[in-house]
Number of protein chains: 2
Amino acid sequence: MKMTADKENTEEKILEAAKEVFLEKGNDGTRMQEIADKAGINKSLLHYYYRSKEKLFAAVFKYAFSQFAPRIFSAFKDDEDFFALIRNFISVYIDIVSKNPFIPLFIINEINKKNTVFTNVIKMSGINPQVFKDRIQKEINNGKIKSIDPNQLIINTIGMCIFPVIGRPLIQVILFEDNKAEYDKFLESRKTEVADFIINSIKI
Amino acid sequence: MKMTADKENTEEKILEAAKEVFLEKGNDGTRMQEIADKAGINKSLLHYYYRSKEKLFAAVFKYAFSQFAPRIFSAFKDDEDFFALIRNFISVYIDIVSKNPFIPLFIINEINKKNTVFTNVIKMSGINPQVFKDRIQKEINNGKIKSIDPNQLIINTIGMCIFPVIGRPLIQVILFEDNKAEYDKFLESRKTEVADFIINSIKI
DNA sequence: CGTAAATTTGACCAATTGGTTAAACCATAT
DNA sequence: ATATGGTTTAACCAATTGGTCAAATTTACG
C-alpha cells in the first residue's frame with residue numbers, strides 16, 4: 001500500500017487546482033483538463049479521486065461555503081458592546097471578501113441555478129441567523145438603537161460589504177478611472193466607513 | 001425584397017429568446033440550440049441574423065447594460081429636495097431590479113470575466129457619476145448632510161438595492177424559511193426602509 | 001407569371017468535452 | 001525477487017457544441 005502522504009498530496013493538489021478554476025470560472029466555464037494541467041497531473045486522476053466533475057464541483061462548493069457563510073455569524077457570539085461588535089464584524093467581513101474576491105460571486109451564482117447541491121450544503125452548514133436577530137432585537141428593546149427590522153439591518157450590512165467586491169471591475173472603471181490602488185484604498189477605508197454609516201443610522 | 005416586418009419579427013424573436021437564455025444562464029451556460037428552440041426557429045437562423053454566439057451575446061449584453069446602468073443615474077437629474085431624491089431613486093431602483101432580477105447578476109458576472117465586450121459598452125454608455133458626486137458634495141457643503149465620501153455613499157446605496165435581489169435564493173432560505181411571499185414583501189418594504197436607513201445615517 | 005433576392009431548413013462537420021479502460025508504474029510486504 | 005494493490009498514464013469514446021453549406025422555400029416585384 002502506498003503511503004497516504006502521497007495520495008493526500010495528489011488529492012490535495014487536485015482540490016487546490018479545482019478551487020482556483022471553479023471559483024474563477026464557475027461550473028460551466030470550468031474544463032476538467034484545465035484543472036488537471038494546473039495540478040500537473042493526468043486528467044484521469046481527477047476521475048480516480050473524484051468520480052465526476054459534479055462531485056469535484058460539490059467539493060469545491062462545500063469548501064467555499066464553509067469558508068464563508070459560517071464566518072458571517074461566528075463573529076457575533078461575543079457579548080461585546082453592540083457598536084463595537086458591528087465595527088469588528090464589518091472589518092473582519094470586508095477583509096475576508098477582499099482577500100477571497102471570487103467566493104461570494106461563485107456562491108451567489110451557483111445558488112441562482114437551482115443546483116440541488118447547494119441546498120444540502122446550506123442545511124448542513126448549521127447557519128443560525130437567530131443569534132443575530134435576537135441580539136439586534138435586544139438592543140432595540142434596551143433602547144440602545146432605533147427600531148428596525150433585524151432582517152433589513154442584516155441585509156443592509158452584508159450588501160454593503162459584498163457589493164463593492166463582486167462589482168469591483170465595473171465600479172473601479174466607473175468611479176475610480178480603473179485605478180486599482182485607489183480602489184484598494186477605498187475598500188480598506190470601508191472597514192470603518194460602513195460601520196460608521198450603519199451606526200450613524202441606528203443610534204438613538 | 002422581403003418586407004422588413006417579417007425580418008424584424010424573426011430577428012426580434014431571436015433577440016428576445018437570447019435575452020431569456022443568456023440572462024438566466026450566462027454565456028457559458030447558454031446553448032445556441034436552446035435559443036433557437038425558445039424562438040421556435042431553426043438554429044441556422046441564429047447565425048444568419050447574428051453571425052456568431054459571441055455577436056449575439058454582445059447584443060444581449062448591450063441591451064442588459066443599457067437597460068440598467070443608465071437608469072441608475074437618470075433619476076438624479078432633478079432639482080428636487082435631496083432626501084426626496086434619494087427616496088425616489090431607491091424606490092425606482094429596487095423596483096427595476098426586482099422586476100429584472102437576472103440582469104444585475106448577469107452584468108456582474110460577465111464583467112468579472114475580462115470579456116472585452118463590456119469595456120466598450122461601458123465607455124459607450126455615457127455613464128456619468130459626476131452628477132451624483134457633485135450633488136452629494138453640494139449637500140455636504142450646504143450643511144444639509146454629514147460629511148461623507150460620495151463614492152462610499154453611492155456604493156452603499158446600490159449595494160443595498162442589488163444584494164437582496166442577486167442573493168435572493170440564499171437569503172430567502174436562511175432568513176425567510178424559503179417563503180417567497182414573505183420575501184416579496186421584504187423587498188417591497190425595502191423601497192422605504194433603505195431610504196430611511198440612509199437618510200437617518202447622513203442627516204444632521 | 002417568372003425570376004431574383006431574401007429567408008428558412010436539414011444535413012453535416014470539426015473541435016471540444018466529460019468520462020472510460022486497459023495497460024504501465026511503483027511501493028510495500030512476505 | 002516477486003506478488004499484490006494502489007496509483008498514474010495514454011489512448012480512446014460517445015455526446016455535445018458552435019458553426020457551415022447547399023438546397024428548398026418564401027417573398028417582392030417587373
Side-chain angles (χ1 to χ4, degrees), chain A residues 1-62 106 109-110 113 115-118, chain B residues 1-62 106 109-110 113 115-118:
Chain A
M1 206 186 304
K2 204 177 181 181
M3 271 182 58
T4 46
D6 267 21
K7 182 194 170 189
E8 283 183 349
N9 201 354
T10 298
E11 199 169 342
E12 190 68 23
K13 276 195 300 184
I14 292 177
L15 191 59
E16 282 308 308
K19 282 179 194 171
E20 285 187 48
V21 182
F22 273 123
L23 282 174
E24 186 181 340
K25 307 197 172 180
N27 194 4
D28 294 331
T30 291
R31 305 289 154 240
M32 295 293 268
Q33 188 60 58
E34 188 177 350
I35 296 176
D37 291 346
K38 187 152 284 187
I41 53 153
N42 188 285
K43 189 181 61 143
S44 295
L45 279 184
L46 300 183
H47 294 92
Y48 179 76
Y49 286 101
Y50 304 81
R51 302 197 0 158
S52 64
K53 182 184 183 184
E54 196 187 341
K55 291 273 205 327
L56 183 51
F57 171 81
V60 173
F61 183 86
K62 198 171 173 180
F106 171 80
N109 259 321
E110 301 307 330
K113 306 164 188 165
N115 201 329
T116 47
V117 172
F118 92 90
Chain B
M1 205 186 304
K2 202 177 181 181
M3 270 184 57
T4 45
D6 265 22
K7 182 195 171 192
E8 284 183 348
N9 201 355
T10 297
E11 201 171 341
E12 190 67 22
K13 275 195 302 185
I14 292 176
L15 191 58
E16 282 307 309
K19 282 178 195 170
E20 284 186 49
V21 183
F22 272 123
L23 282 174
E24 185 180 341
K25 308 197 171 180
N27 193 4
D28 295 332
T30 292
R31 306 287 153 241
M32 296 293 269
Q33 188 60 58
E34 188 177 351
I35 297 176
D37 291 345
K38 187 153 286 189
I41 54 154
N42 188 286
K43 186 180 62 134
S44 296
L45 278 185
L46 300 182
H47 295 91
Y48 180 77
Y49 285 101
Y50 304 82
R51 301 197 0 157
S52 64
K53 183 184 183 183
E54 196 187 342
K55 292 272 206 324
L56 183 52
F57 171 80
V60 172
F61 183 86
K62 199 170 172 179
F106 171 79
N109 259 320
E110 302 307 332
K113 306 165 189 165
N115 202 330
T116 48
V117 172
F118 92 90

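Within every chain, numbering begins at 1; the chains are lettered A, B, ... in the order of the sequence lines, protein sequences first and strands thereafter.
Aromatic ring centroids of F57(A) and F22(A) lie under 6.0 Å apart.
To the nearest 0.5 Å, atom CG of residue L15(B) and atom OH of residue Y49(B) are 13.0 Å apart.
In this structure, I41(A) atom CD1 and dA10(D) atom P are separated by 12 Å, rounded to whole Å. As rounded to whole Å, 17 Å separates atom P of dT25(D) from atom OH of Y48(B). Between E34(B) atom CD and dT16(D) atom C1' the separation is 14 Å, expressed in whole Å. At whole-Å resolution of the value, CG in L45(A) and P in dG6(D) are 15 Å apart. Per the geometry, CG belonging to L46(A) stands 12 Å off P belonging to dT20(C), to the nearest Å. Atom OH in Y49(A) sits roughly 18 Å away from atom C1' in dT20(C) (whole-Å rounding).
Formation of a donor-acceptor pair under 3.5 Å by the K25(A) side chain with backbone atoms of K113(B) is not found in this model.
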Does the protein touch nucleotides 17-24 of chain D at the base, only the backbone, or not at all? Give it as B, S and - per nucleotide, heavy atoms under 4.0 Å. SBBBB---

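Screening Q33(A), K13(A), E20(A), E16(A) against K38(A) for a side chain to side chain contact (heavy atoms under 4.5 Å, CB included) leaves a single residue, E20(A). Residue R51(B) forms a side chain to side chain contact (heavy atoms under 4.5 Å, CB included) with just one option from K55(B), K53(B), E54(B), H47(B), and that option is K55(B).
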